[in-house]
Amino acid sequence: MIQLNHLRNNPEEVLTRLLKRGIDATKTIDTILETDKLARESRVEMEYLQNRSNVVSKEIGELMRKGQAASAEPLKSESTGIKDKLKSLEERVESLEESVRKLLITLPNAPHSSVPTGKDSNDNVEIFIKGEKPALPANALPHWELAKKYDLIDFELGVKISGAGFPVYKGKGAKLQRALIQYFMNEAEKAGYLEIQPPIVINEASGFGTGQLPDKDGQMYYIGEDELYLIPTAEVPITNLYRDVILNIEDLPIKNFGYTPCFRREAGSYGAHVRGLNRLHQFDKVEIVQIVKPELSYAALEDMQLHVQQLLQNLGLHYRVLLLCGGDMSVASAKTYDLEVWSGAQQMWLECSSVSNCETYQTNRLKCRFRNDQGKMELAHSLNGSALALPRIIASILENYQTENSIMVPEVLRSYTGFNEIK
RNA sequence: GGAGAGUUGGCAGAAUGGUAAUGCACUGGUUUCGAAAACCAGCGGGUGUAAGCCCUUACAGGUUCGAGCCCUGUACUCUCCGCCA
């Protein structure tokens, strides 16, 4: 959530930046600032009375110790009087501060100045493109047909076991996925990230910490019996490792990665674009996360984005990098790059990674801080990125690497798969 | 799932209901050629230039002039039993 202190001092700036999302927050911000002012005034008054109450109680304690119980009586009644006033005042402060907090969490993060203004994906900007569309054989098939032809993935079987969007990977299909996971993990490790195997169910506090709750409530699978959510991404449990933590400055930057399944209800999505591996309820992903000093977060964002590019490049896939416009970014992000791979047979781009700098939006909720050079508490910046999400990479590999009667395995994966070709 | 015990700073560990000791660790300083030792200071969070003030004994309530302490509820941890990869 946006820092209240920053909003107090720079309401115009926040307002302008939010306009990049197509959001006019004038009214919300005005209400926040007005309510905050009232809350602070009441708080000053409250603290004054609390102080008086503390002093009086201390004096009573003194008298009691000296055995002068009788002379404490007037003080007792004064204290009782203060208490009455305090009660309503405390309720008022609490309710005002709660109002401020509730309004504050409705605001998404303020986009960085380099983020283009826009409403939806049409306003995203392509900033880099690599490789070319592969020349496919005349009998080229979409990946779901290839998966069937070579018995790699069984979508119907998944429907029987669980439902639509839960595919079953078999044989070389399963092996290909495992090879990719292993490859991505090794590359993350080489890039200096520490491996984390987190839980894949999370509690409400964790969901709130990274911004999924309350915003994305309906998009997560919920286990009511235990009040737990299935993770939509490893970003949630990994970033929450640093909830309520005061980090040592020399521990920064923190670089973690984790491989986990991810679960998304995808409520409301339907149509042609959900075919095959395009959109699933369960998928695997390797996620990279960084917690860094504020002044270094944009360098880290570029670093992470380039790491993901390198993976795609090494796999020999045609891909492009998009700078998302304000309206297409997730609530927590201040700046996001999406990476998309080319799906040769479907003739379309598939998003396979999203790399975001959340600045202090998450760390403010998480209370993830460090002591800066002046010895003052400061919120760290958090970043996350997929490196990479598996299904769409597999779709792209199957389609782009198909020959007339086989599918070639990308060079870099062959030592992991143990086979060069799928026939 | 059942029974019992417990939860105080980074750790250890005090506090007849009277306003959170102390030790260790850590940080800075004095000293030293340098280090150790010793000594001094700091060492939960917020706010404030500062003095200060407020909050803080797992969390939420209650009793009280005053709660780490008494009462109620919740969460978590540990031990034993049961079940189990």
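Owing to the predicted nature of the structure, the values given are computational and were not obtained by experimental measurement.
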Lys/Arg cation over aromatic A:Tyr259: A:Lys285, 6.0 Å, 45° cone: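 No, cation not above the ring by the 6.0 Å, 45° rule.
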A:Thr336: partners by side-chain hydrogen bond (donor to acceptor under 3.5 Å, both in side chains), with sequence neighbours left out: A:Ser333, A:Ser356
Is there a side-chain contact between [X] and [Y] in this structure, where contact means two heavy atoms from C-beta onward sitting under 4.5 Å apart?
X: A:Phe263; Y: A:Met220; result: no
X: A:Pro198; Y: A:Leu241; result: no
X: A:Val201; Y: A:Ile223; result: yes
X: A:Arg92; Y: A:Glu94; result: no

In whole Å, I'd like the distance from the [atom1] atom of [X] to the [atom2] atom of [N].
X: A:Glu41; N: B:U47; atom1: CD; atom2: P; answer: 19 Å
X: A:Asp226; N: B:G1; atom1: CG; atom2: C1'; answer: 13 Å
X: A:Lys367; N: B:G46; atom1: NZ; atom2: P; answer: 10 Å

[atom1] spacing across the pair [N] / [M], given as an integer number of angstrom:
N: B:G62; M: B:C81; atom1: C1'; answer: 36 Å
N: B:C69; M: B:U64; atom1: C1'; answer: 13 Å
N: B:C39; M: B:G46; atom1: P; answer: 32 Å
N: B:U47; M: B:A15; atom1: P; answer: 35 Å
N: B:G42; M: B:U32; atom1: C1'; answer: 23 Å
N: B:C70; M: B:U79; atom1: C1'; answer: 27 Å
N: B:A25; M: B:U31; atom1: P; answer: 23 Å
N: B:U74; M: B:A3; atom1: P; answer: 13 Å

Proximity of A:His112 and A:Tyr298 rings by center, below 6.0 Å: yes
Donor on one side chain, acceptor on other, A:Thr210 and A:Gln362, under 3.5 Å: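 Side-chain D/A pair, A:Thr210 to A:Gln362: absent.
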Exercise: do A:Tyr319 and A:Glu340 side chains pair donor with acceptor under 3.5 Å: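 No, no side-chain donor-acceptor pair sits under 3.5 Å.
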Report, one pair per line, the protein and nucleotides 7-12 of chain B atoms (nitrogen or oxygen only) whose separation is under 3.5 Å.
none

Along RNA chain B (nearest heavy atom to each residue), the more 5'-positioned of A:Arg40 and A:Glu59: A:Glu59
Base-paired stems in RNA chain B, each at least three Watson-Crick or G-U pairs under 3.5 Å: B:1-7 with B:75-81, B:10-12 with B:22-24, B:26-30 with B:38-42, B:44-47 with B:52-55, B:58-62 with B:70-74
Parallel, tilted or perpendicular: ring planes of A:His307 versus A:Tyr193, cut at 30 and 60 degrees: tilted
Parallel, tilted or perpendicular, as decided by the 30° and 60° cut-offs, for the rings of A:Tyr222 and A:Tyr229: tilted
Give me, pair by pair, the N or O atoms of the protein and of nucleotides 41-45 of chain B that are less than 3.5 Å apart, along with how far apart they are.
{"from": "B:G45", "atom 1": "OP1", "to": "A:Arg371", "atom 2": "NH2", "distance (Å)": "2.6"}
{"from": "B:G45", "atom 1": "O3'", "to": "A:Arg369", "atom 2": "NH1", "distance (Å)": "3.3"}

A:Arg264 side chain vs A:His281 backbone, donor-acceptor pair below 3.5 Å: no
Run the side-chain donor-acceptor check on residues 366-373 of chain A: report pairs under 3.5 Å with partners two or more places apart or on a different chain.
{"from": "A:Asn372", "atom 1": "OD1", "to": "A:Gln374", "atom 2": "N", "distance (Å)": "2.9"}
{"from": "A:Asn372", "atom 1": "OD1", "to": "A:Gly375", "atom 2": "N", "distance (Å)": "3.2"}
{"from": "A:Asn372", "atom 1": "OD1", "to": "A:Lys376", "atom 2": "N", "distance (Å)": "2.9"}
{"from": "A:Asn372", "atom 1": "ND2", "to": "A:Glu378", "atom 2": "OE1", "distance (Å)": "2.9"}

Contact pattern, 5' to 3', of nucleotides 53-74 of chain B - B, S or - by protein heavy atom under 4.0 Å: SSS---------BS--------
Side-chain ion pair, A:Glu187 and A:Lys190, N-O less than 4.0 Å: yes
